[in-house]
Amino acid sequence: MPRATEPRSLTKLEARRIWLQAQRLDTSEPFGAGPPAVAAAVDHLGYVQIDTIHVIERCHHHILYSRIPAYTRADLRQAQSVDKSVFEYWTHALSYVPAKDFRFFVPAMREARREGHRWLASVKPEDTRKVMRLLRRDGALTIRDIEDDVLTEKEHLWQSRKPSKRALQLAFYTGEVTISERTGMLKTYELMARHFGWDKPPKPARSAEITAYLLDRALRSQGVVSLDSICHLDAPSKPAVRRLVEARVRRKELVPVALEGAGKQEHWARPEVLEANPSVEAGNGPVHILSPFDPLIIQRKRTELFFDYGHRFEAYVPKEKRLFGYFALPVLVGEDIVAAIDIKTDRQNKKLLMQKWSWVGKGAARAARKDYKRRIEEELDRFERFQLGE
């Protein structure tokens with residue numbers, strides 16, 4: 001890419017501090033409390049990933065808890081089902097996204113309506129007509145409300161055997177229905193227009209607006225960005241995003257960044273972000289026990305570049321080959337990831353079980369471990385109360 005200006009050199013530590021500030025992990029209560037805090041957090045981050053794994057609390061609750069100390073699951077339920085400030089759709093994975101951003105997802109919904117969905121090609125029109133008829137007639141429903149399904153063979157591991165469930169999933173991707181509520185992972189489906197009370201749905205964003213949305217979302221939540229981090233698992237968007245980045249560099253709205261250790265991988269940031277030069281208290285900053293699906297962790301190569309910590313998600317790795325454990329959680333203390341702890345929730349006996357504790361990074365230095373361990377254990381007490389609450 002032709003340089004409109006000389007790149008600004010940035011150390012890993014400087015870049016890490018910018019990213020932590022952008023993720024709002026450098027302070028204890030950045031969004032306040034209650035359902036408005038949920039809406040504000042999802043809006044700032046751009047999305048919060050949803051996953052079914054339940055070794056500890058599911059990741060969407062965990063990610064919000066990491067940024068909202070007083071978070072309760074009821075806050076998310078109200079934001080989704082009552083305030084309707086967030087809704088579920090696909091980003092790089094199924095996620096909560098801000099309802100105000102709905103129009104940026106309409107083109108994907110229309111494409112699914114036109115061309116179908118690659119995971120749901122076997123859905124029969126009569127199954128879709130059936131679930132839509134039930135929704136219009138009886139109101140919101142869960143898959144448990146449909147009792148007359150004739151089970152079919154799965155085409156792949158994650159697929160349901162219930163034709164109605166696949167039909168509801170397809171209607172979700174086409175934007176005809178939305179998930180109006182969750183009880184655990186049981187979804188309640190509702191007609192999109194009825195859920196939001198629309199006479200007319202929002203107009204779809206143009207392709208140029210979607211490109212700007214992707215770039216601005218990344219700049220807001222990452223601080224220092226690369227093409228890979230902007231377009232995480234979205235390679236088709238890269239050419240348009242690159243062109244927009246180049247235009248903004250020419251207008252001096254973005255500055256090229258030469259990030260320590262990044263080699264030829266290009267990075268960019270807003271000038272005012274680089275000038276702010278944020279600091280995080282290395283030893284005394286907040287302690288966060290992070291989800292492996294947290295935005296700070298989910299882009300593994302980026303996390304390793306910024307933190308010199310290579311996270312391993314080992315739930316599907318044979319036991320004898322695991323390094324950190326089945327469901328290890330990275331532990332952030334101030335500006336450093338210092339440990340990975342493998343824990344699970346014993347819900348019957350109401351306690352957390354420590355499976356394995358691995359020191360990494362600065363935590364590998366024995367002299368520092370005593371203080372780190374004390375602070376992490378204090379946070380584990382709070383984390384246990386969250387896990388077992390409600």
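Note that these values count all heavy atoms, side chains included, but never hydrogens, waters or copies made by symmetry.
Residues satisfying the salt bridge (charged side-chain N to carboxylate O under 4.0 Å, His left out) test with R8, not counting sequence neighbours, are none. In this structure, K351 has no salt bridge (charged side-chain N to carboxylate O under 4.0 Å, His left out) partners at least two apart in sequence or on a different chain. Residues that satisfy the salt bridge (charged side-chain N to carboxylate O under 4.0 Å, His left out) test with E88, not counting sequence neighbours, are R182. Remark: R113 engages no residue in a salt bridge (charged side-chain N to carboxylate O under 4.0 Å, His left out) (not counting sequence neighbours).
Using a 4.5 Å cut-off on side-chain heavy atoms (C-beta onward), F87 and F102 make contact. Put simply, the side chain of Y47 reaches to within 4.5 Å of the side chain of R217, judged on heavy atoms.
Aromatic pair W90/F172: centroids not less than 6.0 angstrom apart. Separation of the Y65 and F383 ring centroids falls under the 6.0 Å cut-off. Within the 6.0 Å centre-distance limit, the rings of Y309 and H311 are counted as a close aromatic pair.
Pairing each heavy atom of Q387 with each of E57, the nearest pair is OE1-N, 2.7 Å.
Here the rule is side chain to side chain contact (heavy atoms under 4.5 Å, CB included) with W19, and of Q23, R16, Q21 only Q23 fits it.
Salt-bridge annotation for D216 and R248: present, with a side-chain N of the basic residue lying under 4.0 Å from a carboxylate O of the acidic one.
Pairs passing the ring-ring contact (aromatic ring centres under 6.0 Å, His included) check and including a residue from residues 210-230, sequence neighbours excluded, read F104-Y213. Among residues at least two apart or in separate chains, ring-ring contact (aromatic ring centres under 6.0 Å, His included) pairs with a member in residues 339-367 are W357-W359.
For the residue pair E260 and T11, no side-chain donor N or O sits within less than 3.5 Å of a side-chain acceptor on the partner. A side-chain donor from one of H54 and R347 sits under 3.5 Å from a side-chain acceptor of the other. The closest side-chain donor-acceptor pair between Y71 and H61 falls under 3.5 angstrom.
By the 6.0 Å and 45° rule, R322 does not stack over the aromatic ring of Y326.
Within 6.0 Å of the NZ atom in K344, the count of heavy atoms belonging to other residues, nucleotides or ligands does not exceed 12. Counting non-hydrogen atoms of neighbouring residues, nucleotides and ligands closer than 6.0 angstrom, the CZ atom of R374 exceeds 12 such neighbours.
Taking the six-membered ring where the residue is Trp, F313 and F327 present perpendicular rings, their angle passing 60° and hence far from 30°.
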